Amino acid sequence: MDGFSIQLTRLLFRGTVAHHTLRSTHSPLPAGQLHCIWASAGRTGNMKLQYKGEKLFQPVAQSRYPQPKLLEQRPTELLTLTPWLAPIVSEGTFNAELLQHIYQPLNLTIGLTVFAVGKYTHFVQHFLESAELFFMHGYRVCYYVFTDDPTAIPQVPLGPGRRLGIIPIQRHSRWEEISTRRMEIISQHIAKRAHREVDYLFCVDVDMVFRNPWGPETLGDLVAAIHPGYYAVPRQQFPYERRHVSTAFVADGEGDFYYGGAVFGGRVANVYEFTRGCHMAILADKANGIMAAWQEESHLNRRFISHKPSKVLSPEYLWDDRKRQPPSLKLIRFSTLDKDTSWLRS
Amino acid sequence: MLHARQDLPGDFWGKSSKSWLFLILLFIASFGFYSNVFNWIPRWRQREVSQSCEAHHLQGQRESPPLSKGDCCPDTCRVPRVPRMLYPKAHVLQPPRVDVLLMTPWFAPIIWDGTYDSAILDAQFRNTTIGLTVFAIKKYVVFLKLFLETAEKYFMVGHRVIYYILTDRPADVPQIPLQEGRRVVILKVRNYTRWQDVVLHRMEMISNFSQQRFLHEVDYLVSADVDMKFSDHVGVEILSSLFGTLHPGFYASDRQRFTYERRPLSQAYIPEDEGDFYYAAALYGGSVAEVYRLATACHQATLIDKANGIEAVWHEESHLNKYLLYHKPTKVLSPEYVWDERMLRKPPYLRRLRYVAVPKNHAQIRSR
């Protein structure tokens, strides 16, 4: 739009046209400590709020970054927003530096749960080492390793502000049992301990490895990850539980994405509600003598339909290395470790 | 409910009388039942009955899950439950729009037509009350009728709405027939001689009323200019903690051409190498708490400017832009949501015009 039209437009919206000379120099922003977008409750609140623990929007520190381009032509891109306006996170959709400015000053602690039962303890070393390199670098992190054999958990050197908690759990004869108990164990752990220690919690599989940065772009109220095997297929082909008797039943016309059970997370209170809900559904199935097709993943998918995630991670955050990486996925951050499943599950 | 059986004359009893008695009792029972339902449950007709949704909400409150060390606030952090719904599935490899940016680099969705599913969002935002604040000072009361009539047609239809009309002329507020669950609250405010002062003091008034009233009455606040009309759907897709709208004159401009306040003396000053978008003051909002903070900050900035003998170039809009630069909005509305049909040619990627300027004679309307 040329200058004249702009001015005319301004006339309509606000009134007299102001012509101002642009200064060549500018004064820096008022000096002050870095403020954060979330701060603990009660900080300089001029208004008494009814609910406690409200996170306040605080100023983002001045930072230089390119202007967002509104009129974009971007072919072969991944979907960036779900139909309920939850962001889908992939490389190129966010400015990592800006997010650091927003989240770093909040002094957040991020929890990460993994289950290492039986022979799966072999994965812990590689998992933790890769997490030390790539998971939430620069933040306080609490690893929670649930295992039936605490002595088998190796000592992995951890960076500052990062610690490891080993939580003993009971061993089960069948690996499916272990899988379905995860929801229960996580929810109990949150109630007992994690709610005091972390702000956000991620629950991931241990037989995986971080390959690239996994940062605050993943933080959200309730976060799910798209399963790498099903992101390009129609919903009828999703391996939902299709038996009506199960509480995890999903009808043919339902479903947004097929989410992977290997990654989910969010604010710890929401993860508590989520895992508890899944656990209840699993118990109901158990009482009816049924186990869902993909155990807790089926229940997770059922629940994510009615409690839609506020943020979705693209398959960059949950990848299967056996698959060929498509051009739409720019940066694989978390993926499987090739393994011999028959040996592991014996 | 059921009235006690009354004594009837002995010779009344017979077969036909029993069926009459039955009908009478049935009538009384149903009358009692319905009168209970409609009288004792307030706003019955406006509440959508959803057992699972309510139960879930109540359960969350009663059972008090362990609180995280920084517990989240209800309006931004609850995970709303939706009932079973049927709708087309989104395709991961096929974004609905490739001609426009759909999300800011800080993950705020940019709301364009075709990017959202209203059915899902309406289900997520049920039981939400939205406050729409509009200023009608002096002669601007003439715009109220069209504004409210079109709002009735297009704004948050199906949800609970409170229109807050801030005016110095309460008697001139027109009576408009309202849909269920919607009401008008007239708030008397003072006027100012200069229109610039009228505009600059809007933030102060919103700040004051947020504290006094809005916090207790609504979940979200939307602040809108009155000299506009709604011409297409404006719904819950806009709601989030803090949202601004892209000004229709500048959405395609480079940041250096944004008409930010460029004098460092002003609190609204933004240097040339900063700025995401130029937001329009004609439509902004968010949760009551966030709007309160925004309004308070802008008002305080205005006072400081006044003390320094400066007035920001675009008044409240300059301060709004400064605030939203450093307090990033969580949703950004596309120019579909603020447009001027006469001044701007509608580009092809603008598929809907939802809220548009109403022609007015500036000289006439801005006088006494």
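Just so it is clear: chains get the letters A, B, ... in the order the sequence lines come, proteins before strands, and each one is counted from 1. Everything numeric in this text was worked out from a predicted model, so none of it was measured.
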Would you indicate whether the side-chain heavy atoms of [Y] and [X] approach each other to under 4.5 Å?
{"X": "B/Val92", "Y": "A/Tyr230", "answer": "no"}
{"X": "B/Pro109", "Y": "A/Thr80", "answer": "no"}
{"X": "B/Leu93", "Y": "A/Leu78", "answer": "yes"}

Engaged part of [X] at the chain B interface, taking heavy atoms whose separation is under 4.5 Å:
{"X": "A/Phe304", "value": "neither"}
{"X": "A/Leu222", "value": "side chain"}
{"X": "A/Lys308", "value": "both"}
{"X": "A/Ser306", "value": "both"}
{"X": "A/Pro234", "value": "backbone"}
{"X": "A/Phe257", "value": "side chain"}

At a 4.5 Å cut-off on heavy atoms, which part of [X] comes close to chain A: side chain, backbone, both, or neither?
{"X": "B/Thr104", "answer": "backbone"}
{"X": "B/Ile111", "answer": "side chain"}
{"X": "B/Pro96", "answer": "both"}
{"X": "B/Phe277", "answer": "side chain"}

[atom1]/[X] to [atom2]/[Y] distance, rounded to the nearest 0.5 angstrom?
{"X": "B/Arg81", "Y": "A/Glu273", "atom1": "CZ", "atom2": "CD", "value": "11.5 Å"}
{"X": "A/Leu85", "Y": "B/Leu239", "atom1": "CG", "atom2": "CG", "value": "10.5 Å"}
{"X": "A/Arg235", "Y": "B/His91", "atom1": "CZ", "atom2": "NE2", "value": "9.0 Å"}

Would you name the heavy atoms of [X] and [Y] that are closest together and state the gap between them?
{"X": "B/Arg84", "Y": "A/Ala251", "result": "NH2-CB, 3.3 Å"}
{"X": "B/Met85", "Y": "A/Glu254", "result": "O-CG, 4.1 Å"}
{"X": "B/Phe107", "Y": "A/Pro87", "result": "O-CG, 3.5 Å"}
{"X": "B/Pro95", "Y": "A/Leu79", "result": "CA-CD1, 3.5 Å"}
{"X": "A/Val233", "Y": "B/Lys89", "result": "O-CE, 3.7 Å"}

Point to revise | Contact winner vs chain A - B/Leu294, B/Leu121, B/Asp276, heavy-atom pairs under 4.5 Å | key: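 Looking at each option in turn, the highest pair count goes to B/Asp276.
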
Exercise for review: Heavy-atom pairs under 4.5 Å with chain A are the metric here; pick the option from B/Gly114, B/Ala252, B/Pro88 that has the most.
Suggested key: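 Of B/Gly114, B/Ala252, B/Pro88, B/Pro88 has the most heavy-atom pairs under 4.5 Å with chain A.
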
Check your understanding: What residue, out of A/Asp256, A/Thr82, A/Leu99, A/Ile88, has the most heavy-atom pairs lying under 4.5 Å from chain B?
Key ->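 Heavy-atom pair counts peak at A/Asp256.
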
Review point. More than 12 foreign heavy atoms under 6.0 Å from CZ of B/Arg194: is that the case here?
Key: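 Count over threshold, so yes.
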
